[in-house]
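Below is one structure; the comments refer to it alone.
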Amino acid sequence: MLLTITTTHKPATDLGFLLHKHPDKFQSVNLSMGKAHIFYPESSQNKTTVALLLDIEPIDMVRGARHLSGKGFPLGQYVNDRPYVASSFMSVAISKAFSTAMNGKCKTKPELVETQIPLEAKISVLPAPQGGETLIRKMFEPLGYQVKLQQHILDTQFTDWGNSKYFTLELSQTIRLQELLSHLYVLIPALDNDKHYFISQSEIDKLLAKGQGWLVNHPLLEQITRRYLRNLQSLSKLALERLSEGEKIENLEAEENPEQKPRKETLHQKRLVLVLEQLKLSGAEKVIDLGCGEGKLLRMLLKEKQFTEIAGMDISYDELSKAKDRLHWEEMPPKQKERIKLFQGALTYKDKRLEGYDAAAMVEVIEHLDENRLPALERVVFELAQPKIIILTTPNREYNIMFENMKTASMRHTDHRFEWTRKEFESWAKGVAARNNYQVKFLPVGEVAEHIGAPAQMGIFTYGN
Ligand code: SAH
């Protein structure tokens with residue numbers, strides 16, 4: 001993927017001073033997932049262009065990417081568009097290669113930092129999410145750019161396959177270089193639909209720093225923030241609150257992300273109550289909640305004396321610390337504390353800590369794993385941990401048409417890797433049961449609609465015949 005920035009400011013070679021990169025030199029910086037090369041395809045008094053070329057190493061990317069989706073086929077982690085499209089990698093590269101300029105420094109000609117110069121940026125190629133060209137325009141035009149977009153067709157040999165989601169984007173404006181770089185830094189990842197590479201609390205700080213002075217007034221402020229901090233509702237909420245100086249942001253999920261509506265409390269609450277009922281019925285005393293998230297089920301379990309040992313496991317440290325907060329762990333009386341433990345782990349790696357429980361719950365978890373990881377989960381949970389009873393829930397895809405505003409091809413949650421019909425779920429669950437000496441029965445979760453079933457589905461697995 002390639003970013004070029006051109007100026008016709010006189011003298012155009014000033015671009016080299018601003019970027020702290022000499023036009024005659026070819027330079028490279030190392031990134032955790034490859035290299036970024038910086039060079040000048042043209043440099044003269046009248047016109048100078050700098051190029052930032054990303055050379056992504058797919059193997060490094062897979063190594064470092066816990067979250068990289070396999071996209072439903074085994075080589076998906078290796079064969080994907082990541083090395084070729086502008087994404088958050090580009091932002092990382094911009095901030096590494098042009099850090100001096102981004103920080104608004106220029107030793108040799110400090111006055112240049114504050115000078116608006118004619119700039120043209122060209123990005124090849126940019127993946128556009130749903131909304132395509134309109135969304136790209138809506139992000140850049142309010143910032144004063146002239147936007148030129150060229151959509152690429154899917155395959156030049158098969159033109160009737162139509163257009164791809166990839167665009168070449170050209171932006172032009174007379175503007176300070178630092179501003180242009182900040183806009184690109186924030187908006188490129190905000191346009192990318194795939195998961196980002198690094199997302200952590202510090203991403204908020206970066207967003208706020210780079211968005212200073214322009215993001216708060218942008219008409220798409222909320223959408224950009226949310227897309228930039230993809231999937232992290234709590235982080236985007238925090239960022240929006242900080243951007244609007246502490247003003248509370250309510251109801252973030254419902255309003256912008258229609259797909260998330262169905263996960264509203266009521267259905268989820270119903271689901272948890274059903275799971276709890278089944279756990280109580282089973283007579284289990286030692287229970288583990290696999291993929292416990294922020295610990296909603298754990299709180300319900302704690303209230304029941306029947307459960308003497310309760311454990312919550314999740315892959316996400318953030319979720320676990322939320323669970324700790326919500327359970328008021330710190331203030332818990334010692335006796336309660338002894339009943340419950342929380343730990344980080346992955347359902348796809350064998351783990352002795354998962355053994356010895358009477359029952360396990362997996363509520364809305366499997367669909368967060370790539371389908372090709374399910375055999376690993378099967379081995380870890382059903383073959384090795386082998387609790388007497390496993391209660392598992394997952395959405396029923398057939399029901400999605402009942403949700404208003406939900407696009408046919410989309411899923412209920414941005415992190416879902418798949419959603420199954422009842423038949424698909426039942427066939428998977430029956431296979432798992434047969435291979436691991438479990439019996440399985442199925443229950444609908446939520447109100448059943450004719451022909452399409454309930455919003456979610458539950459499998460209850462019991463060990464032995
Ligand atoms: N069971 C909770 C949370 C559901 S969201 C509830 O019903 O409220 C799915 C959870 O699964 C998330 O917290 C996510 O961090 C966790 N998860 C995803 N993949 C996982 C894996 N491979 N191992 C363990 N937990 C995982």
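In listed order, ligands and their atoms are each counted from 1.
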Ring pair (Phe, Tyr, Trp, His ring centres under 6.0 Å): which pairs involve residues 297-356, sequence neighbours left out?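 Of all non-adjacent pairs touching residues 297-356, none passes ring pair (Phe, Tyr, Trp, His ring centres under 6.0 Å).
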Ligand 1 versus [X], non-hydrogen atoms closer than 4.0 Å: side chain, backbone, both, neither?
| X | answer |
| --- | --- |
| Lys296 | neither |
| Leu377 | neither |
| Met362 | neither |
| Cys292 | backbone |

Atoms in ligand 1 with a heavy atom of [X] nearer than 4.0 Å:
| X | answer |
| --- | --- |
| Leu347 | 21 (C), 22 (N), 23 (N), 24 (C) |
| His268 | 6 (C), 7 (O), 8 (O) |
| Gly345 | 23 (N), 24 (C) |

Compute the shortest N/O to N/O distance between [X] and ligand 1 and return yes if it is under 3.5 Å, no if not.
| X | value |
| --- | --- |
| Leu290 | no |
| Glu364 | no |
| Val365 | no |
| Gly291 | yes |
| Glu319 | no |
| Ala346 | no |

Over 12 non-hydrogen atoms of neighbours within 6.0 angstrom of CD in Gln306: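 Yes - once you tally the heavy atoms of other residues, nucleotides and ligands closer than 6.0 Å, there are more than 12.
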Does a sphere of radius 6.0 Å around NZ in Lys350 hold more than 12 heavy atoms from other residues, nucleotides or ligands, not counting ones at 6.0 Å or beyond?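 No, the 6.0 Å shell around NZ holds no more than 12 heavy atoms from other groups.
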Leu2 and Ala51: which non-hydrogen atoms are nearest, and at how many Å?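 Leu2 and Ala51 have their closest heavy atoms at CD1-CB, 4.0 Å.
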For Phe425 together with Phe442, are the ring centres under 6.0 Å from each other?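 Phe442 vs Phe425: aromatic centres under 6.0 Å.
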Kindly write out the residues that satisfy side chain to side chain contact (heavy atoms under 4.5 Å, CB included) with Ala97, not counting sequence neighbours, or none if the list is empty.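 Once residues adjacent in sequence are excluded, the partners of Ala97 under the side chain to side chain contact (heavy atoms under 4.5 Å, CB included) criterion are Val29, Ile38, Leu52.
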Side-chain ion pair, Arg417 and Glu367, N-O less than 4.0 Å: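 The answer is no: the pair does not qualify as a salt bridge.
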Could you go through the side chain to side chain contact (heavy atoms under 4.5 Å, CB included) check for His37 and Lys35 one step at a time? CA-CA 6 Å; His37 307 292; Lys35 276 182 184 326; 3.8 Å; yes
Donor on one side chain, acceptor on other, Glu179 and Ser182, under 3.5 Å: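 Note: Glu179 and Ser182 side chains miss the donor-acceptor criterion.
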Ignoring hydrogens, just give me the one of Ile366, Asp318, Val363 whose non-hydrogen atom is nearest atom 4 (C) of ligand 1.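 Residue with the shortest heavy-atom distance to the ligand atom: Val363.
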